[in-house]
2 protein chains.
Amino acid sequence: MSPMSPSIKDVAVRAGVSVGTVSNVLNHPERVAESTRTAVQSAIAALGFVRNSSAAQLRAGTSRSIGLIVLDMANPFFHDVARGVEQVADELGYAVVLCNSDDQTSRENRYLQVLEEQRVRGVLITPIEVSSDRLDALRRRGTPTVLVDRHDPRVNCCSVAVDDVVGGELAGAHLVAQGHERIVYFSGPLGLSQCADRLTGLRRSVAAAGLDPDAVIEVVEIPVMNARSTHDVARARFEQGERATAAFCANDLMALGVLRAALSTGRRVPGDLAIVGYDDIEFAADAAVPLTSIRQPTQQIGRAAAQLLVEECDNPDTHAHQQVMFKPELVTRESTRH
Amino acid sequence: MSPMSPSIKDVAVRAGVSVGTVSNVLNHPERVAESTRTAVQSAIAALGFVRNSSAAQLRAGTSRSIGLIVLDMANPFFHDVARGVEQVADELGYAVVLCNSDDQTSRENRYLQVLEEQRVRGVLITPIEVSSDRLDALRRRGTPTVLVDRHDPRVNCCSVAVDDVVGGELAGAHLVAQGHERIVYFSGPLGLSQCADRLTGLRRSVAAAGLDPDAVIEVVEIPVMNARSTHDVARARFEQGERATAAFCANDLMALGVLRAALSTGRRVPGDLAIVGYDDIEFAADAAVPLTSIRQPTQQIGRAAAQLLVEECDNPDTHAHQQVMFKPELVTRESTRH
DNA sequence: ACTCGTGAATGAAACGTTTCACGATCTCCA
DNA sequence: TGGAGATCGTGAAACGTTTCATTCACGAGT
């Protein structure tokens with residue numbers, strides 16, 4: 001049966017000072033005389049006082065924290081982003097509230113609600129839908145928002161992403177250079193600009209080589225971008241005799257799924273099927289056949305996003321929205337080496 | 001330039017009712033007449049009112065959230081645990097505050113402080129040190145705590161873990177059965193009971209086979225349990241001519257590091273070196289050589305821990321601490337198949 | 001005509017901080 | 001001796017909720 005936790009008032013009584021003084025010891029120690037300060041501090045220690053941040057924040061009217069909502073914490077890509085965000089937030093004295101929407105709109109909305117109720121200073125988000133009413137409302141009410149790994153075509157907020165068209169081009173050019181003329185693109189939902197852009201890049205590079213994209217490329221759209229569902233789809237295709245000689249996957253988890261499906265249906269990689277992934281997560285290098293992949297500057301994405309957000313929080317008036325765009329690069333490994 | 005967000009009072013004025021009524025619409029809609037309710041609701045919508053949870057929580061004195069502090073979000077093991085925790089918390093109406101201590105005591109302490117200041121109802125933690133003053137103080141002040149993937153020998157809190165001695169035995173018995181007589185154990189810090197227990201199990205199984213554990217087993221202690229540092233240590237050993245024919249690793253990330261080091265120094269796996277990992281993370285099955293591993297019921301750990309915590313929060317008086325212990329199982333794959 | 005009961009809304013108190021205008025006390029120097 | 005600063009402390013107000021005792025209005029029952 002826990003006794004109610006002591007308040008600043010209890011500390012004040014015990015130390016024989018006023019509450020204002022205790023508050024000063026906590027927040028502006030230099031304003032209070034040495035002797036009083038130590039008296040207060042020992043009262044705090046004796047009572048086991050812990051500041052109630054709800055009260056502090058209520059009074060302050062504003063918090064020193066930002067929200068980060070990612071799509072899928074199981075994807076190492078988002079860890080690295082989160083790590084970048086935390087680094088910058090730490091440096092600038094902000095706390096990060098980490099939320100995992102798990103690709104469900106209901107969870108995303110719930111977290112947005114919670115973050116707004118907590119009066120976070122700003123929100124970093126990889127939204128399920130770029131143009132969501134919920135997000136617009138949040139911004140309208142004055143909470144700055146930065147999109148991570150997404151761009152808003154309407155440009156009414158900052159965003160940080162990687163040039164997905166270039167990523168698609170890199171993958172396509174690499175495969176075409178190795179003579180592949182039937183490429184299957186295991187895509188996530190084409191409603192995602194990322195997935196669509198990568199396809200655009202892929203088509204562009206095929207066309208640049210003088211081939212007909214429509215003849216070369218086949219698109220397989222997979223709703224959930226993880227290893228398991230991609231494996232299942234790929235396996236079904238392979239068992240029915242896939243004709244493609246190369247696969248390009250919208251992320252490395254999917255590529256691992258395709259790889260497993262290929263190997264378990266007796267294909268050799270890259271002999272029978274070359275595979276290019278996306279993100280270059282750490283596990284890509286350790287895969288059954290080390291994966292060629294498109295590397296994104298993941299931590300930098302997180303760092304840049306956090307910096308933009310804090311900039312907007314600190315200078316809401318002079319702030320101008322920016323769309324930061326990083327360039328991806330190709331990392332070649334066994335899965336495409338002939 | 002964001003206008004101060006509207007308070008319940010603004011809503012009350014606009015709807016022509018008192019603040020108490022607005023609060024009732026928010027929290028006990030059934031207590032207020034239909035017509036008033038809709039009037040208030042449209043005022044809320046018109047003003048874009050969002051409840052200030054600091055004020056609500058200050059008044060309530062207690063929150064409906066629990067903290068979860070994990071060691072390393074980059075380790076899929078902890079995701080799965082987190083997922084289990086979230087499932088249960090969702091069902092029971094609690095929010096989860098997710099924190100990543102990243103194996104740094106300073107971060108762990110900082111998060112404990114923040115969580116306590118936020119007056120979370122309880123804390124789930126995989127602590128860096130099981131017996132920490134900080135944790136004891138937290139408990140003494142009335143915040144229930146449950147250890148995840150750890151046990152407290154002093155049994156002054158609940159805990160959920162997996163029998164690591166059995167895990168070590170499973171691995172050892174499997175390797176011994178295949179005729180290995182020189183086994184290197186890539187361990188994390190032996191100060192962790194987990195790592196120590198697995199060694200105990202390993203030694204026990206070797207002894208059970210009539211061999212001398214001291215002659216068979218060599219222990220390599222690696223401070224940071226990730227792929228990179230393990231790879232570096234393993235590689236150095238392999239380049240100097242490792243004599244062991246089998247490696248047992250304290251987790252799968254480490255096993256992946258060993259695998260990479262072995263392959264890149266020209267060893268065949270399992271021919272020259274058999275490898276057993278721990279945790280059976282999803283990537284283990286997709287590794288260059290699919291890894292034999294010790295599987296833990298990861299989500300169940302999270303679920304059980306959350307249930308124990310909530311139980312203690314809801315019945316602080318009648319609650320009795322429990323130490324839940326799951327059994328691991330062996331999953332055999334290529335890395336130990338001869 | 002009167003109480004009584006019921007359903008609905010009110011308004012003030014309380015939660016634990018921080019802030020800030022205001023005293024109190026001391027030191028130093030004319 | 002008096003007065004000007006400087007240095008420390010004080011205490012009340014304010015932040016936005018929720019709660020709860022109270023009031024109000026109105027119809028039913030005697």
Side-chain angles (χ1 to χ4, degrees), chain A residues 2-41 43-44 47-65 113-114 116-120 141-142, chain B residues 2-41 43-44 47-65 113-114 116-120 141-142:
Chain A
S2 61
M4 257 280 287
S5 57
S7 77
I8 218 178
K9 198 168 180 177
D10 303 312
V11 175
V13 169
R14 169 145 189 155
V17 299
S18 73
V19 293
T21 303
V22 177
S23 175
N24 278 333
V25 171
L26 257 28
N27 304 295
H28 309 279
E30 75 287 355
R31 289 191 196 159
V32 25
E34 170 93 29
S35 60
T36 343
R37 198 189 319 150
T38 56
V40 170
Q41 274 159 346
I44 288 179
L47 294 174
F49 165 80
V50 177
R51 172 218 257 105
N52 181 328
S53 64
S54 295
Q57 188 169 312
L58 170 59
R59 168 66 224 222
T62 173
S63 79
R64 194 84 189 158
S65 59
Q113 180 74 25
V114 170
E116 196 172 3
E117 289 187 357
Q118 291 186 174
R119 300 291 190 267
V120 294
R141 287 185 216 114
Chain B
S2 60
M4 255 280 288
S5 56
S7 77
I8 218 177
K9 198 167 177 178
D10 303 314
V11 175
V13 170
R14 169 145 189 157
V17 299
S18 72
V19 294
T21 303
V22 177
S23 175
N24 277 333
V25 170
L26 257 27
N27 304 295
H28 308 279
E30 76 286 356
R31 289 191 197 158
V32 23
E34 170 92 31
S35 60
T36 341
R37 198 188 320 150
T38 58
V40 169
Q41 274 159 348
I44 287 178
L47 295 173
F49 165 80
V50 177
R51 171 216 259 105
N52 182 327
S53 63
S54 295
Q57 189 169 313
L58 170 60
R59 168 66 225 221
T62 173
S63 78
R64 194 85 188 157
S65 59
Q113 180 74 26
V114 169
E116 197 172 2
E117 289 187 356
Q118 291 187 173
R119 300 289 189 268
V120 293
R141 287 186 216 113

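All chains are named by letter (A, B, ...) in the order of the sequence lines, taking the proteins before the strands, and each is independently numbered beginning at 1. As a basis for the values below, the full set of heavy atoms in this structure was taken, side chains included, without hydrogen atoms, waters or symmetry mates.
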Euclidean distance, A:Phe49 CZ relative to A:Gln41 CD, rounded to 0.5 Å: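 It comes to 12.5 Å.
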Are [X] and [N] close enough that a side-chain N or O sits under 4.0 Å from OP1 or OP2?
{"X": "B:Arg59", "N": "C:dG16", "answer": "no"}
{"X": "A:Asn52", "N": "C:dT17", "answer": "no"}
{"X": "B:His28", "N": "D:dT19", "answer": "yes"}

Could you state the atom-to-atom distance from [atom1] of [X] to [atom2] of [N] in whole Å?
{"X": "B:Asn27", "N": "D:dG16", "atom1": "CG", "atom2": "P", "value": "17 Å"}
{"X": "A:Arg64", "N": "C:dT17", "atom1": "CZ", "atom2": "P", "value": "21 Å"}
{"X": "B:Leu58", "N": "C:dC15", "atom1": "CG", "atom2": "P", "value": "9 Å"}
{"X": "B:Lys9", "N": "C:dA12", "atom1": "NZ", "atom2": "C1'", "value": "12 Å"}
{"X": "B:Gln57", "N": "D:dT18", "atom1": "CD", "atom2": "C1'", "value": "13 Å"}
{"X": "A:Ile8", "N": "C:dA14", "atom1": "CD1", "atom2": "P", "value": "19 Å"}
{"X": "B:Asp10", "N": "D:dT17", "atom1": "CG", "atom2": "C1'", "value": "13 Å"}
{"X": "A:Glu117", "N": "D:dT17", "atom1": "CD", "atom2": "P", "value": "10 Å"}

Sugar-phosphate, base or nothing in reach of A:Ser7, heavy atoms under 4.0 Å: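 Sugar-phosphate: the residue A:Ser7, judged by heavy atoms under 4.0 Å, touches backbone atoms but no base.
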Touch class at under 4.0 angstrom, heavy-atom based, for B:Ala56 against every strand present: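 Sugar-phosphate, backbone atoms only, no base.
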Results of side-chain contact (heavy atoms from CB on, under 4.5 Å) for A:Ala39 - residues two or more places apart only: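 Scan of A:Ala39 (side-chain contact (heavy atoms from CB on, under 4.5 Å), adjacent residues dropped) gives none.
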Residues in side-chain contact (heavy atoms from CB on, under 4.5 Å) contact with A:Glu30, at least two apart in sequence or another chain: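 In terms of side-chain contact (heavy atoms from CB on, under 4.5 Å), with neighbours along the sequence ignored, A:Glu30 is linked to A:His28.
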Can you give the donor-acceptor pairs under 3.5 Å from side chains of residues 16-26 of chain B to other protein atoms, not counting sequence neighbours?
residue: B:Ser18; atom: OG; partner: B:Thr21; partner atom: N; Å: 3.4
residue: B:Ser18; atom: OG; partner: B:Thr21; partner atom: OG1; Å: 3.2
residue: B:Ser23; atom: OG; partner: B:Asn27; partner atom: ND2; Å: 3.3

B/S/- contact track for nucleotides 5-10 of chain C, protein heavy atom under 4.0 Å: ---SSB
For the student: nearest non-hydrogen atoms of B:Ile44 and B:Val11, plus distance: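 So the two residues come closest at CG1-CG1, 3.7 Å.
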Exercise: identify the closest heavy-atom pair between A:Val32 and A:Arg37: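 A:Val32 and A:Arg37 have their closest heavy atoms at O-NH2, 3.3 Å.
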Listed once per pair and sorted, the salt bridge (Lys or Arg N to Asp or Glu O under 4.0 Å) pairs that draw on residues 15-29 of chain A, sequence neighbours left out: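 Checked against salt bridge (Lys or Arg N to Asp or Glu O under 4.0 Å) - neighbours excluded - no pair reaches residues 15-29 of chain A.
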Please list every donor-acceptor pair under 3.5 Å in which a side-chain atom of residues 53-61 of chain B meets a protein atom from a residue at least two apart or in another chain.
residue: B:Ser53; atom: OG; partner: A:Glu117; partner atom: O; Å: 3.0
residue: B:Ser54; atom: OG; partner: A:Gln57; partner atom: NE2; Å: 3.2
residue: B:Gln57; atom: NE2; partner: A:Ser54; partner atom: OG; Å: 3.3
residue: B:Gln57; atom: NE2; partner: B:Gln118; partner atom: O; Å: 2.7

Could you run down the sub-3.5 Å N/O contacts of the protein with nucleotides 23-26 of chain D?
none

Verdict with supporting geometry, A:Arg119 and B:Ser5, side-chain contact (heavy atoms from CB on, under 4.5 Å): CA-CA 10 Å; A:Arg119 300 291 190 267; B:Ser5 56; 3.6 Å; yes
Between the first and last five pairs of the helix from C:dA1-D:dT30 to C:dA30-D:dT1, the angle of the axes, rounded to 10 degrees: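 Computed angle between terminal axes is 60°.
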